[in-house]
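Remarks on the structure that follows.
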Amino acid sequence: MLESLQFLANGFEVAGTLQNLLYCLIGAIVGTLVGVLPGLGPIAGIALLIPATFGLNATSALIMLSGIYYGAMYGGSTTSILINVPGETASVITCIDGYQMAQQGRAGQALAISAIGSFIAGTIAIFGLVLIAPPLADAALAFGPPEFAALMVFAFVVLSNVTGGSLVKALMMVIAGLILGTIGLDPVTGNERFTFGSAYLLSGIEFVAVAIGVFGLGEILVNAAKPPQQLEQRVLVPRFRDLYPTLQDLRRSIGAILRGTGIGFGIGLIPGPAPVIATYAAYTVEKRISKHPEEFGKGAIEGVAGPEAANNAATQSAFIPLFVIGVPFGPVPAILLGALLIHGVTPGPLLISESPQLFWAVVASMYIGNFILLLLNLPFVPLFANMLRVPKKVLLPLVMLFCITGMFSVNNSVLDVWMMLAFGALGYILRGWACEGAPLLLGLVLGPKLEVAFRQSVMISHGGFEIFIDRPISLAFLVATLGFLLFPLLRRAVRLLLPKAPPPSGGPKANVAEGQS
Amino acid sequence: MAAAISLFVFGAITVALSLQLPLGTLRMPGSGFFPLVLGLALMTLAGVHGVQLRLAKPKAATPEPQPAPQTPADGSTIRVVLFMGTVAAATALLEPLGYTLSSFLLMLALLWILGLRRWHLSAMIALASAAASYVIFVVWLKIPMPSGWFF
């Protein structure tokens, strides 16, 4: 513990240099913008900025890119509260009570509680990261190829189960991503695969092209499909003097913030789109334990405080599996893994011991970043809210221009831009099929790692698969995977066997639908 | 059903191409082994999805006797095709025309497609965007964007 604090102090020295402070600030501002502007999520935001980090060292690059991730969680609530449109998916739940508060003239208080809750949750979660990451890294040293292979299969299945849509569709997306990940040189033998003689494909599919295409361009096309009159919305900008919560607001929120922090931190440690699930879980818990459940959906401040704290805590704890095991459990950490690999850093159990400067500097920068974001999101909220007044018919072409520029600058190649366009069209089609892009991206990024771990495992066991069952950690992951796969079937069987209960009237679903409309 | 068919075909192509690669043995899997397994898995899942849809179809038809119209009459498909076509044209012209000019033309065309029909305003926004992105990306960030025939 003391050793960790000593390392953290050193981390503050690195993160506190003028250069790293500047990158932390840029990350926080861009993250807030990405969160504020509907249609541009953290995945596309980070992917767009990866080329801008090529001139930086790995520490500065990761400080900036992770700032975008947690910054987006702060910014996402602004549009949810002011115009009832979530800036990114983790802010969908905030629409329900946040927008109702704004309708009652309490937008300032909702925004302030959201920023304060996010700050408290972020700060506590980083402390949890400092406590948990080093011992977990020591434990992860016991992981060999079979454990990694089983863990990745577990992550894919859990992610597919919790994305909200059909499990089969999500699994198809994972496998499609894994297949795309096999294009290029075989990571074990060096043979060419599916390159059709093209030198461009030797290094595989550029994951930045997939990220910007599926998530950035795909979303732009969805907006472009709307009639021009549907693109614009009335924006309600709060006054600076309204941006403070009353004592009663604070008293009602503090419990929700702390509970949201605990829920979010726990959920961040399991595979899936952690910040999104955390907000749903926190909202459900708050409504269930509230003395005034009837206020939820009509402007209950706990309905803003709990979910906003939860998505920030989940964002911070999602860094733990990425740093400690080297396996990202969600699409945004997967993008960060890609960025780290570009910078020559391989996350895993040895990262903390071999690159302590990078790990602790990034952790320290998160403390600083949270503080910057609190400052940005309280007094400057009216400024960010005014950005929503930029008409979408101007904003979308601008974002498109940035997508092309960002994509070109990855390898200074027009072929990359064509690749991005192809994946943009695919992203648009996938939305039409109600297929999620996140499992596809995770499959693409983790595909080569899974293949190497799988092939090494069967080589170690001389062609047998019992190695996955003989080793307890691997067996535990496989049993859990089987449980997650069979759970929907069992649930359906139980529903068929049990007599039908009368349908519940009203309830949270009605409120959620109302909030999202 | 389009998703199931498309992904089944994608899986089948993967299987066919994998079989042309060395498969190796279980003791030493070759380059084609992993994609072959993935292709077969994708075909299976796509098949399951197709069957699910087939079984679910008659059920859905009963409670909803009046299905919603599938093709929107508001020209959304035309807008998406025009948007993608313009972006593709700008990408094709990126190297011959150069970054700044192709950015200007891209902005101008996209603004028109998205409904901004005042040419003076569109031209000003397009010019400002092209100039600002040139300053940010080429001058400040030193990204070697194509200079083309002009600049």
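Numbers restart at 1 for each chain; the letters A, B, ... are given by sequence-line order, proteins then strands. Keep in mind it's a predicted model, so treat the numbers as computed, not measured.
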Heavy-atom pair with the smallest gap, counting every atom of [X] and [Y]:
{"X": "B/Pro35", "Y": "A/Thr182", "answer": "CB-OG1, 4.2 Å"}
{"X": "B/Pro144", "Y": "A/Phe408", "answer": "O-CE2, 3.5 Å"}
{"X": "B/Ser129", "Y": "A/Leu401", "answer": "O-CD2, 4.2 Å"}
{"X": "B/Ser76", "Y": "A/Ala225", "answer": "CB-O, 2.9 Å"}
{"X": "B/Ala88", "Y": "A/Leu421", "answer": "CA-CD1, 3.8 Å"}
{"X": "B/Val80", "Y": "A/Leu221", "answer": "CG2-O, 3.8 Å"}

For atom [atom1] of [X], is the number of surrounding heavy atoms from other residues, nucleotides or ligands below 6.0 Å larger than 12?
{"X": "A/Leu202", "atom1": "CG", "result": "yes"}
{"X": "B/Trp112", "atom1": "CH2", "result": "no"}
{"X": "B/Phe8", "atom1": "CZ", "result": "no"}

(request) Check whether any side-chain N or O of A/Arg455 sits under 3.5 Å from a backbone N or O of B/Met28 as a donor-acceptor pair, and report yes or no. (result) no

(message) Given 3.5 Å as the limit, does a donor-acceptor pair link the side chain of B/Arg79 with the main chain of A/Lys226, or not?
(response) yes

(request) Name the option with the most non-hydrogen atom pairs under 4.5 Å to chain A; the candidates are B/Thr91, B/Leu42, B/Val37, B/Leu106. (result) B/Thr91

(request) Against chain A, work out which of B/Gly11, B/Pro29, B/Gly115, B/Ala109 has the most heavy-atom pairs shorter than 4.5 Å and name it. (result) B/Pro29

Supply the atom-to-atom distance [X] [atom1] to [Y] [atom2], rounded to the nearest 0.5 angstrom.
{"X": "B/Arg27", "Y": "A/Met459", "atom1": "CZ", "atom2": "CE", "value": "12.0 Å"}
{"X": "A/Ile183", "Y": "B/Thr14", "atom1": "CD1", "atom2": "OG1", "value": "8.5 Å"}
{"X": "B/Gln52", "Y": "A/Leu167", "atom1": "CD", "atom2": "CG", "value": "8.5 Å"}
{"X": "B/Gln20", "Y": "A/Arg193", "atom1": "CD", "atom2": "CZ", "value": "14.0 Å"}
{"X": "B/Met145", "Y": "A/Ile404", "atom1": "CE", "atom2": "CD1", "value": "8.5 Å"}

Atom group of [X] that falls short of 4.5 Å from chain B, counting heavy atoms:
{"X": "A/Ala425", "result": "both"}
{"X": "A/Ser409", "result": "both"}
{"X": "A/Phe54", "result": "neither"}
{"X": "A/Val458", "result": "both"}

(message) With a 4.5 Å cut-off on side-chain heavy atoms, are A/Thr405 and B/Tyr99 touching?
(response) yes

(message) So B/Phe83 and A/Met400, do their side chains get closer than 4.5 Å, heavy atoms only?
(response) yes

(message) Between A/Leu180 and B/Phe10, is the side chain to side chain contact (heavy atoms under 4.5 Å, CB included) condition met? List the steps.
(response) CA-CA 11 Å; A/Leu180 291 176; B/Phe10 182 49; 4.3 Å; yes

Side chain / backbone / both / neither for [X] at chain A, heavy atoms under 4.5 Å:
{"X": "B/Leu17", "result": "both"}
{"X": "B/Ala92", "result": "both"}
{"X": "B/Ala4", "result": "neither"}
{"X": "B/Ile125", "result": "side chain"}
{"X": "B/Leu45", "result": "both"}
{"X": "B/Leu116", "result": "both"}
{"X": "B/Thr25", "result": "neither"}
{"X": "B/Ser18", "result": "both"}

(request) Can you label the angle between the B/Phe33 ring and the A/Phe454 ring as parallel, tilted or perpendicular, going by 30° and 60°? (result) parallel

(message) Under the criterion side chain to side chain contact (heavy atoms under 4.5 Å, CB included), I'd like the reasoning laid out for B/Met107 against A/Leu398: C-alpha separation, chi angles, the key distance, then a yes or no.
(response) CA-CA 7 Å; B/Met107 287 294 297; A/Leu398 264 178; 4.0 Å; yes

(request) Show your working on side chain to side chain contact (heavy atoms under 4.5 Å, CB included) between A/Leu396 and B/Leu114 and close with a plain yes or no. (result) CA-CA 9 Å; A/Leu396 294 177; B/Leu114 293 177; 3.8 Å; yes

(request) Tell me whether the centres of the aromatic rings in A/Phe402 and B/Phe137 are closer together than 6.0 Å. (result) yes

(request) Kindly determine whether B/Leu7 and A/Met173 satisfy side chain to side chain contact (heavy atoms under 4.5 Å, CB included), including the steps that lead there. (result) CA-CA 9 Å; B/Leu7 288 165; A/Met173 287 296 97; 3.9 Å; yes

(request) Using a cut-off of under 4.5 Å on heavy-atom pairs, state which of A/Met172, A/Glu192, A/His462 scores highest against chain B. (result) A/Met172

